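These values consider heavy atoms only, across backbone and side chains, with no hydrogens, waters or symmetry-generated copies. Since we're looking at a predicted model, the values are computed, not measured. Residue numbers run from 1 in the order of the sequence given.
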Amino acid sequence: LLLRSYQEQYLYFLIDEYQDTNGAQNEVIRQLISYWESPNLFIVGDDDQSIYEFQGARLKNLLDIYAQYERDIELVILEENYRSSQIILDASAHLIEKNEKRIVKKLGQQHINKSLKAANAAFAKLDNPPQVTTYPNKWQEEVAILQKLKQAIKE
C-alpha cells in the first residue's frame, strides 16, 4: 500500500550522484520505479567520482540500471568542465584511465569519450601542472605542508 501510494504520487524521479548509491538505496529506487516498464527516471552519475565504496556504494548499480533499461536510455556525456584548467584535466584523465572499474571500459560498444575540455576562460589556460612530492614520513609531510601554507599566506 505504501509503495503504490508513492508510485502514484511520484511519477518522475531524479537521482543525483547515482554512482554513490549503496544496496539499500538502490533497492528503494528499484522498488519505486518497478511499476513502470519504462520509468521516468533521470540519473546523474560519474563513475570516475565514485568514492563511497567503503559505505557500500557500488558502480554495479549504474551498470545494472543501464542493462535493465538500455533500450530506453538516452546517455548524455558532459564534456565541458568549468572548474579546472586543461592541464589539470589532462593529468587527471591520465591517472583515471588506469582505473579498471571504469564504466566506460564496461560499455565499450557505446564509444563513450570522457575527455573533458576546460570551458571556463578564467581557468582553461592556466599552466600550473600538478606536482607530486614524496616525504620519508608523515611528520615531515605535515611540516612541509604547514611551511607551504605559511608561505602562501605571507605572499
Kindly give the heavy-atom pair with the smallest separation between [X] and [Y], and that separation in Å.
X: Q140; Y: Y135; value: O-CD2, 4.0 Å
X: S84; Y: A118; value: O-CB, 3.4 Å
X: D127; Y: P129; value: O-CD, 2.9 Å
X: R4; Y: Y35; value: NH1-CD1, 3.4 Å
X: L59; Y: I103; value: O-CD1, 4.1 Å

Distance-only, no hydrogens or angles: does the [X] side chain make a donor-acceptor pair with backbone N or O of [Y] under 3.5 Å?
X: N40; Y: L11; answer: yes
X: N61; Y: T21; answer: yes
X: S5; Y: L1; answer: no
X: Q49; Y: E17; answer: no

Roughly how far apart are [X] [atom1] and [Y] [atom2], rounded to 0.5 Å?
X: S50; Y: R102; atom1: OG; atom2: CZ; answer: 12.5 Å
X: N137; Y: E142; atom1: CG; atom2: CD; answer: 9.0 Å
X: Q31; Y: N26; atom1: CD; atom2: CG; answer: 10.5 Å
X: F42; Y: E74; atom1: CZ; atom2: CD; answer: 9.5 Å
X: Y82; Y: N120; atom1: OH; atom2: CG; answer: 8.5 Å
X: E27; Y: L32; atom1: CD; atom2: CG; answer: 10.0 Å

| said: With a 4.5 Å cut-off on side-chain heavy atoms, are Q7 and S34 touching? | reply: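 Result yes, sub-4.5 Å side-chain heavy-atom pair found.
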| task | List the steps, then state whether side-chain hydrogen bond (donor to acceptor under 3.5 Å, both in side chains) holds for Q68 with D64. | result | CA-CA 6 Å; Q68 184 172 356; D64 289 348; over 6 Å; no
Joint hydrophobic cluster, [X] plus [Y], side-chain heavy atoms closer than 4.5 Å:
X: L63; Y: V44; value: no
X: I51; Y: I96; value: no
X: I29; Y: L14; value: no
X: L3; Y: Y12; value: yes
X: I87; Y: L116; value: no

| request: Applying side-chain hydrogen bond (donor to acceptor under 3.5 Å, both in side chains), run through D46 and Y18 and close with a yes or a no. | output: CA-CA 8 Å; D46 184 352; Y18 198 83; over 6 Å; no
| request: Let me see the working for Q19 and R58 under side-chain hydrogen bond (donor to acceptor under 3.5 Å, both in side chains), right down to the final yes or no. | output: CA-CA 7 Å; Q19 77 277 359; R58 297 289 178 261; over 6 Å; no
| task | For R71 and E37, run salt bridge (Lys or Arg N to Asp or Glu O under 4.0 Å): C-alpha distance rounded to whole Å, both residues' side-chain angles, the deciding distance at 0.1 Å, then the answer. | result | CA-CA 11 Å; R71 64 183 167 83; E37 188 174 313; 3.2 Å; yes
| Between E97 and K114, does at least one N-O distance fall below 4.0 Å, as a salt bridge requires? |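 No salt bridge links E97 with K114.
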| Going through the distances and angles, do I88 and N81 end up as a side chain to side chain contact (heavy atoms under 4.5 Å, CB included)? | CA-CA 11 Å; I88 293 291; N81 177 292; over 6 Å; no
| said: Show, in sequence, the C-alpha distance, side-chain angles and deciding distance for H94 and S92, and conclude whether the side chain to side chain contact (heavy atoms under 4.5 Å, CB included) test is met. | reply: CA-CA 5 Å; H94 179 72; S92 299; over 6 Å; no
| message | Angle between ring planes, Y10 versus F13, binned at 30° and 60°: parallel, tilted or perpendicular? | response |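 Ring orientation, 0 to 90° scale: tilted.
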| How far apart are the C-alpha atoms of Y6 and E8, what are their side-chain angles, what is the distance that settles it, and do they pass the side-chain hydrogen bond (donor to acceptor under 3.5 Å, both in side chains) test? | CA-CA 5 Å; Y6 282 124; E8 289 175 6; over 6 Å; no
Count the heavy atoms belonging to other residues, nucleotides or ligands that lie under 6.0 Å from [atom1] of [X], then report whether that count exceeds 12.
X: L149; atom1: CG; value: yes
X: R83; atom1: CZ; value: no
X: Q55; atom1: CD; value: yes

